Number of protein chains: 2
Amino acid sequence: MPSEFNLSAFLPYRLAVLSEQVSRRLAAEYGRSHDLSVAEWRVLAHLLGSGAVSVRDIRGRVNLEKPRVSRAVSRLERFGLVNKAPGDVDGRLVAISLTDRGRAVLDEIIPEVLGVQRTLEEAVGPEELATFFRVMERWHAVLDREQAEMPHQAATLGDRRQGPDRP
Amino acid sequence: MPSEFNLSAFLPYRLAVLSEQVSRRLAAEYGRSHDLSVAEWRVLAHLLGSGAVSVRDIRGRVNLEKPRVSRAVSRLERFGLVNKAPGDVDGRLVAISLTDRGRAVLDEIIPEVLGVQRTLEEAVGPEELATFFRVMERWHAVLDREQAEMPHQAATLGDRRQGPDRP
DNA sequence: TCAATATTGTTGCATTTGCAACGACCTTTT
DNA sequence: AAAAGGTCGTTGCAAATGCAACAATATTGA
């Protein structure tokens with residue numbers, strides 16, 4: 001009888017709580033100052049490193065569902081932070097790119113969020129930090145592998161995987 | 001010009017992605033087998049360790065907003081997993097407790113979720129794991145302190161803190 | 001070449017969420 | 001003891017979310 005269980009010490013719970021806490025702290029930066037959602041912030045941040053990209057490109061690298069990216073981009077466009085042009089080679093694709101205004105906003109936000117990151121990084125030793133990242137990557141890999149291995153018990157109902165769309 | 005920024009290496013982003021991934025994996029256990037949401041699972045899990053508690057008690061220890069707990073409890077009651085009785089000493093409070101059925105469901109779920117935890121724990125060394133937990137706690141403390149220190153720039157609009165309800 | 005199939009991005013829709021307002025109840029003050 | 005103020009849990013409502021369906025466009029194969 002495993003009536004022994006402590007939620008507070010349960011790894012997934014701890015992880016979720018910390019992640020929510022960090023997200024809140026972060027959203028307090030870009031949300032308050034520029035009225036951006038998490039999705040919008042991620043899209044902007046990704047665009048900084050890449051040139052013009054499609055919704056599909058963004059989706060994969062930013063870990064957001066398709067409709068969420070699409071809506072984030074639309075809103076960012078309304079605010080003049082990104083540009084949406086029909087792709088000239090493939091008519092379905094949309095070429096999304098940062099505007100100058102978007103770049104300016106990022107230049108304001110990035111130092112702030114880097115400040116949050118620095119606060120966290122400085123609160124622990126460098127080796128601890130390195131270990132933390134290493135563990136995160138390890139788990140990421142483990143979960144990816146697990147997920148890839150177990151679409152045999154699929155079709156059970158309530159299957160959360162994405163439809164016929166995954167690359 | 002800090003046009004240097006890599007989202008993939010950004011700690012809060014990494015944390016959020018990992019947390020979502022773990023949550024998905026976990027929800028695949030209790031969600032698929034017993035049709036429970038995260039909130040419902042957390043409430044159940046907490047009840048296992050405590051006796052009869054109020055919504056307010058749960059809220060604090062389980063990191064969920066008041067309405068979310070309330071709704072989770074209602075649904076759990078509909079399914080016969082918890083019991084809701086009016087508190088006899090204070091008429092506002094509600095005494096929430098596990099039913100036998102709820103305990104039985106937990107006895108099914110807990111081994112499964114502990115299995116997930118074990119998978120993760122075994123993927124890294126014991127000292128790495130200890131470090132990971134230590135870092136999480138450290139950051140948790142840092143963010144708590146920060147948040148407590150900065151209700152001076154409140155009233156900016158879009159303030160995410162909870163209304164006149166926090167203890 | 002034209003039909004059949006696949007992919008891209010958007011929209012609809014049902015559900016979930018966060019926040020505020022509310023009613024019910026308790027406590028403190030006068 | 002009544003009024004004023006505070007706390008608890010629920011409900012309403014607007015916004016966000018996840019998923020499927022869709023139109024538009026590409027690609028493939030006969």
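Throughout, a chain's letter reflects where its sequence line sits, starting with A, and its residues are numbered from 1. If you're wondering where the values come from, they're calculated on a predicted model, not measured in any experiment.
Of the two residues contacting DNA chain C, namely B:Arg68 and A:Ser54, the nearest-nucleotide position lying further toward the 5' end is that of A:Ser54.
The side-chain contact (heavy atoms from CB on, under 4.5 Å) search around A:Thr99 returns A:Asn83, A:Arg101, not counting sequence neighbours. A:Val62 meets the side-chain contact (heavy atoms from CB on, under 4.5 Å) test with A:Arg42, A:His46, A:Ile58, A:Leu64, B:Leu7; sequence neighbours excluded. When the side-chain contact (heavy atoms from CB on, under 4.5 Å) test is applied to B:Val135, the partners found at least two apart in sequence or on another chain are A:Val124, A:Glu128, A:Phe132, B:Thr131, B:Trp139. A:Leu93 is linked by a side-chain contact (heavy atoms from CB on, under 4.5 Å) to A:Ser54, A:Asp90, counting only residues two or more places apart in sequence or in another chain. Considering only residues two or more places apart in sequence or on other chains, B:Glu122 meets the salt bridge (Lys or Arg N to Asp or Glu O under 4.0 Å) condition with none of them. For B:Glu20, the side-chain hydrogen bond (donor to acceptor under 3.5 Å, both in side chains) partners at least two apart in sequence or on another chain are A:Asn63. In this view, A:Gln117 satisfies the side-chain hydrogen bond (donor to acceptor under 3.5 Å, both in side chains) rule with no residue, not counting sequence neighbours. A:Arg75 is linked by a side-chain hydrogen bond (donor to acceptor under 3.5 Å, both in side chains) to A:Asp35, A:Glu40, counting only residues two or more places apart in sequence or in another chain.
Residue A:Ile96 contributes atom CD1, which lies 13 Å from atom P of C:dT8 at whole-angstrom precision. For the pair B:Glu65 CD and D:dG9 P, the interatomic distance rounds to 15 Å; values are reported in whole Å. If you take CZ of B:Arg59 and P of D:dT10, they are 13 Å apart, rounded to a whole angstrom. Rounded to whole angstrom, the span from the CZ atom of B:Arg56 across to the P atom of D:dG6 amounts to 14 Å. Rounded to whole Å, atom C1' of C:dT27 lies 14 Å from atom CG of B:Leu93. Between the C1' atom of D:dA16 and the CG atom of A:Leu36 lies a distance of 15 Å, rounded to the nearest Å. Atom CZ of A:Arg24 is separated from atom C1' of C:dG18 by 9 Å (rounded to the nearest Å).
Taking 4.5 Å as the limit, every side-chain heavy atom of A:Glu137 sits out of range of all side-chain heavy atoms of B:Leu18.
A sub-4.0 Å separation between OP1 or OP2 of C:dG9 and a side-chain N or O of A:Ser70 is absent.
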Go along nucleotides 22-28 of chain D 5' to 3' and tag each nucleotide: B for a protein heavy atom under 4.0 Å from its base, S when only backbone or sugar atoms are that close, - otherwise.
--BBS--

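Here the closest heavy-atom approach between residue A:Leu44 and residue A:Leu36 is recorded as CD1-CD1, 3.8 Å.
Pairs of residues two or more places apart, or lying in two chains, that qualify as ring pair (Phe, Tyr, Trp, His ring centres under 6.0 Å) and include a residue from residues 11-37 of chain B are B:Tyr30-B:Trp41.
Taking a 4.0 Å limit (strictly below) on heavy-atom distances, residues 74-84 of chain A does not reach DNA chain D anywhere.
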Any N/O pairs under 3.5 Å between the protein and nucleotides 12-15 of chain D? List them or say none.
{"residue": "D:dG12", "atom": "N7", "partner": "B:Arg71", "partner atom": "NH2", "Å": "3.4"}
{"residue": "D:dG12", "atom": "O6", "partner": "B:Arg71", "partner atom": "NH2", "Å": "3.2"}

